[in-house]
Structures are given as structure tokens and as C-alpha cells.
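Below, each value reflects all heavy atoms present in this structure, side chains not excepted, and no hydrogens, waters or symmetry copies. Convention: sequence-line order gives letters A, B, ...; per-chain numbering from 1.
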2 protein chains.
Amino acid sequence: MDLRHLRYFVAVAEEENIGRAAARLHISQPPLTRQIQQLEEELGVTLFLRTPRGMTLTQAGELFLEEARNIRALVEQATERTQRAGQGKLGRLDVGIFGSAILDAIPKLLLAFRNRHPDVKVVLHTMSKGEQIEALRQRRISVGFNRMLAPLEDIGVCQVTTEGLLVAIQADDPLARQPVIRFAELQQHPLILFPTGARPSFIDKVIGLCSTAGFQPTISQEVGDAVTGVALVASGFGVCLVPDSATTLQFPGVVYRTLADTPPNFFVDLSCIYRKDDQSPLLGAFLETVEEFKKASPAPPRA
Amino acid sequence: MDLRHLRYFVAVAEEENIGRAAARLHISQPPLTRQIQQLEEELGVTLFLRTPRGMTLTQAGELFLEEARNIRALVEQATERTQRAGQGKLGRLDVGIFGSAILDAIPKLLLAFRNRHPDVKVVLHTMSKGEQIEALRQRRISVGFNRMLAPLEDIGVCQVTTEGLLVAIQADDPLARQPVIRFAELQQHPLILFPTGARPSFIDKVIGLCSTAGFQPTISQEVGDAVTGVALVASGFGVCLVPDSATTLQFPGVVYRTLADTPPNFFVDLSCIYRKDDQSPLLGAFLETVEEFKKASPAPPRA
DNA sequence: CCCACTCAATACCTCCAGGGTATGATCTGG
DNA sequence: CCAGATCATACCCTGGAGGTATTGAGTGGG
């Protein structure tokens, strides 16, 4: 049996006349007759009563008509759904993120993606940079988000945003009175650094900035993410250098100040990573959305 | 697309290897490769990732695999169900019956049919002899049950049972003291006759018997069916001649007595009727059951 | 009562597509 | 670097789907 048989059968059942059904199917009458006979023979069941006025369904034929319609509808639906899946409009995308990156860009990006592809289920997994790469290689995620990603053989990188640097400082600190702080002025303040974990990381960037400014920083504490860092600032552990987006974290007793003299072209990047060999249309659609997002976002701020 | 494509696709998806799948399908490898390519082209979707180790499904392929399995299962089920319907093992059989025929044979017969064909829904419609024939012609029923059916051009008849004749009489009637009553002894008793409606009927048979016995009966009342007739006997309206099976009707104050001298070969028949041109396997199966039933039943009693 | 009409069925032909064999291209593991 | 595995390509062949012409059967109107 063949889907063609079902199509023909339904046509004949609906027209109750082989000639008209053949016309509807854009074939001639004799092949249609044969196909129907073939179908009946294969099933071993008489589906139609031949009357001088045409064909009428038997009880078994009535039943088979229902089934045939179901099957055809299911086939239609299957192709439609599969095509949507093939275009990255249907399916599931596993995304690795790290704690404090959820602050600004990622939610907006994911929202944009959801709007474009409402039937894609996006599943977020919080994991560190190293875990993300491992998970990519094991195909447990398709995309990861992180900062300071070194290029790798099998992993592609796509920069999502660049941000400038701010300093989070206690509101009652004398320096907080200045609208802009010079880097060297931080020398006497103990630094809270993040994230712990795989190096190189944001930590190294901050330490590098200090040496450029001519001093060795006093490290007060290393913490996992920006949120914890700013919380420690509120508690008086010191100051903390954070990306622009951290300003969405409003802590009582903490203010953010611009740094006057970060080097030109300095920025904190947020990138997403993916398998270079991943041809999945879902990944393609996602990276497309990332590109759109970069275009729509304001140009990277320069310190 | 074709059911063949689905079968091939499922095999490849399960084997994850075109060569093995081809072996399983009893075809050679190249045609299978082509069929898969064709399927992908038609859908416009990459279903498999070609790796040096074989084929693995893409996300869209995974989805299509599910759908393909569903479709194939549905096709299987459809053919199976249709075949059962074609063998008269599945479907619906509308049966016309008349009130008091439900007494003995019909329930047993329907029970036997239900046991043989548990998935056939038997729908009973109470209707008179004339209505049954009309309903057969309009295909509203497929089988009718009645007595004294004259053969017709388009309607086939099949005798189900033959029964002897009894007389229902008040228990305190003097005649009731005899175990056997001769027909002529009924001469003084008013008769309750049934059924009203289309002639010839059981009524004519009873009147004929009376004339044979040499008297003109006094007609007390004509009623619709045996149940009502026996009820009137209980109320003292007279006596009522009924088929054997009426003894299942136990009314207080009514007894049944054998008639000593009904003519040889006399019987009350119960037959079923059907369209001669009805080729439905359901009808065939039903008539088969009727034949079985007749064989299994005791030979027709002779008065 | 017969002829014209309507359908389905049959006979026969053509051609494409599905299947086969042989071979190529590519990657991997010893 | 070679042997083996795996998918892809090239090419041929045959069965079957579709086409045309015709027959067969049953119906209704004149």
C-alpha cells in the first residue's frame, strides 16, 4: 500500500464516481480503477459497491475512509512540523550561561529569539566557562555564553556585546563624591575580584589594568560572580570593578562611578560559543538573532 | 513522499548505518541512499548528519522519526481494522425485531453472534413486519425478525425456529384441570388474538385452525403482542393461543396447556429477513450464525 | 422496446523511477 | 600509510504507473 492509494481512495470515496475522481486527480479513469482494485486486493476487502450510478462505500470502506483521512492528515502535519524544525522554528535549544551574565544582554537576546521562534524551547543551564566547553563537546548544550573566550580548534566564538568598566564603591567613601575616578585613586582600596574558576578571566584583566596604572592591588576577596562582589562592596570589603551592565544591580549603600583613564579600546566582552561543526538550523537561527541584536544595540561604549 | 520512504527512513534511523539498514530492508545500499536523499530533498530538511561512522539523526530527524513511526502504526492499524470490518468482525449491525419475539430464540441468537463477533455493535430496533421490510429497503436495518414472512422479490428469508402451539388459560378454568386440551374444547371460550397490523399474520393461522376444527371462534380482543395477550388471559378476557416460547412469560393465574390435536406439520415459524442484494460480510456472518444456531437447537417440536 | 448514455472494466502501449552492480570519495584506526 | 568501513555517484535494467482505445453492463427516455 502506498500514500498514493490513500489519496486516490479518498478522492473516489468523496466523488462516488471514478471518472470524476480521476479528473480531480488529473489522471485518466483506467489507472484509477486499477489502483482501487489493487488496494482492495491488497487489503482483501471490498471497499466499494459498484452500482450503475457509480461507486458507494461499503461499511468497511467507510471505516477505511476515516482512517485514510487520519493518515493523510498526520502525514501533512509531520512534514509541516519537520520543515519547521528544519528551519530552526521548532525544537529545543540548550544554552549554557554563567551566573552574573544574566544581568543585561542575555535576557534581551533570549527574548528577541523567543519572539522570532516562539516554538523553540530554550533551556538554560548555569555552568562555568570550562563546563560550557565540555558540555558543548558532549552536545549537552548548543550555545554557551561567557567572557574572555580564547579561540579554540573546534569551538566558534561570536561576540555579543562589549561593555565599559565601572567601579562599585561604598556611597560614604570619600572617592564616591567624585563623579569620575581616576584609576590610580583606587590604589589604597582593597579589591574584590571575580569570577573564581578557569583562567584567564576577568580577574586577570583587572590585575593587568592595575599594573598598567602602576600599582599592585590589594586583593580583599575572590568571589564567584558580580552579584556577590557588589554585595561585598556594600558590606565594606572594598571596591569592585564591574562591567557597565552591573548598574542594574542596585544595592543600598553602593554607587557606581566611571573610571576616567581606562586605556583606549578597553572593554569587557560577552561572547557566545558554539561547535564549529554544528550545522543545526537552530544554532544558525540563534546566531542570526545574535547578529541582529548586535546591529540593533548601541555601538560599544568607549571609556 | 511515500510509505516506502518512511519505512526506509525508520530503518536507517534505527540502524544509524545505511548499509545495515539496506540489508535489513533486503535491498542494496545505493538505492537506499538515494531514497533518503530524495526524502530530505522533498522535505527540504537535513534529517541525518553523515559521519564517517554512519548516519545520526538531526533534531528535525528525531522529530520526523517519531512522526514516521506514528504514521506507520496508524497505517498498520487501519489495514487491520479494515480487514476485520471486511470479515464482518467489526462494525455495526442494525436489526429489526418485534415486541414478543424477544422471548426465547432472538436473545440466544444475538448472544451467540456477540460471542463470535464481539466487536460488532448490534443495534435493535423494535418495528412491525411492514416497517421492517420498509427499513430493509431503505438500508436502515440489515436484518429483520418476524413470523409468517411471505417470500418477496428483493427480500430473502431464513427460518430460525419453529415452535408448537400452546393455549394460555386461566388456572381456575375447568379446562385447566386437563393436562392436554383438544382444540374443539376451546369452542366456548372467547379468543384473544395477536398481533394487530399487517396481514397475513399469526391471527389468520389461529382462525384457520379453528375452522379446521369445525367452529367459528368468538373473538374477545385483538392485541399487539403475546405479552399483552397473556396479560388479558390473566384478567379473564378469554384464552390465547401462543407459541411454545411464551411459557417463559409466567403470569399468576395463567397456565399453559398443550393442544392435543393440532394438525401434523403445524408450526409457528420465526424467520429473519434480509436484502437479497446485500453482500455485506456482516450480514453473511450473521446468517452463518443463524445456521449454526439452527443446527445446535433441538429439532422442531411436533404437536 | 430499443437506442443512447453513463460508468466501470479490460487490453495494450509507453516511459519513468526504483532497484541492481560497479566504482569513487572520504575518513579512521592499526 | 594502508586496510577497512561508510556514504555517494554512475550507469543499466525492469516493473509498474499512467495513457489511449475499447468493451461490457446497466438505465432511462422516446
Practice problem: Starting from C1' on D/dG18, measure out to CD1 on A/I36 and report it in whole angstrom. | Solution: 15 Å

Quiz item: Which nucleotide in the list C/dA9, C/dG19, D/dA17 gets nearest to the side chain of A/T33?
Solution: C/dA9

Quiz prompt | Spacing of A/R34 atom CZ relative to D/dA21 atom C1', expressed in whole Å | solution = 14 Å

Exercise. Using whole Å, report how far CG of B/L25 lies from P of C/dG18.
Key: 15 Å

Quiz item: Is a donor-acceptor contact shorter than 3.5 angstrom present between the side chain of B/Q29 and the base of D/dA8?
Solution: yes

Quiz item: Could you state the CD-P distance from A/Q35 to C/dT10, rounded to the nearest angstrom?
Solution: 15 Å

Exercise. Mind checking A/H5 for me? I need base, sugar-phosphate or nothing, with any heavy atom below 4.0 Å counting as a touch.
Key: nothing

Quiz item: Rounded to whole angstroms, how far apart are CZ on A/R7 and P on D/dA17?
Solution: 12 Å

Exercise. Select from B/P30 and A/Y8 the residue whose nearest nucleotide in DNA chain D is closer to the 5' end of that strand.
Key: B/P30

Quiz item: According to a strict under-4.0 Å criterion, is A/S28 in side-chain N/O contact with OP1 or OP2 of D/dG19?
Solution: yes

Self-check item: A/L32 CG to D/dT20 C1', straight-line distance once rounded to whole Å
Solution: 16 Å

Quiz item: Can you find a donor-acceptor pair, distance only, under 3.5 Å between B/R4 side chain and C/dG18 base?
Solution: no

Quiz item: What nucleic acid atoms does B/E15 come within less than 4.0 Å of, heavy atoms only: base, sugar-phosphate, or nothing?
Solution: nothing

Quiz item: Taking CD from A/E16 and C1' from C/dA8, how many angstroms apart are they, rounded to a whole number?
Solution: 15 Å

Exercise. Nearest whole angstrom, please: distance from the P of D/dA8 to the CG of B/N17.
Key: 11 Å

Quiz item: Does the D/dG26 base have a donor-acceptor partner in the side chain of A/R53 within less than 3.5 Å?
Solution: no

Practice problem: Flag the pair B/F48 / B/F9 as yes when their ring centroid distance falls below 6.0 Å, and as no otherwise. | Solution: yes

Practice problem: Using a 4.0 Å heavy-atom cut-off across all strands, classify B/P52 as base, sugar-phosphate, or nothing. | Solution: sugar-phosphate

Self-check item: Pair B/D278 + B/K276: basic N to acidic O under 4.0 Å
Solution: no

Quiz item: Can you find a side chain N or O atom of B/Q37 that sits less than 4.0 Å from OP1 or OP2 on D/dT9?
Solution: yes

Quiz item: Are B/F98 and B/F145 close enough that their ring centres sit under 6.0 Å apart?
Solution: no

Quiz item: Contact class for B/F48 vs. all strands (heavy atom < 4.0 Å): base, sugar-phosphate, or nothing?
Solution: nothing

Self-check item: Ionic contact status for A/R116 with A/E292, cut-off 4.0 Å
Solution: yes

Exercise. Using only side-chain N and O atoms of A/Q38, determine if any of them is under 4.0 Å from OP1 or OP2 of D/dG16.
Key: no

Exercise. Salt-bridge test for B/E40 and B/R50: reply yes if a basic N is under 4.0 Å from a carboxylate O, no otherwise.
Key: yes

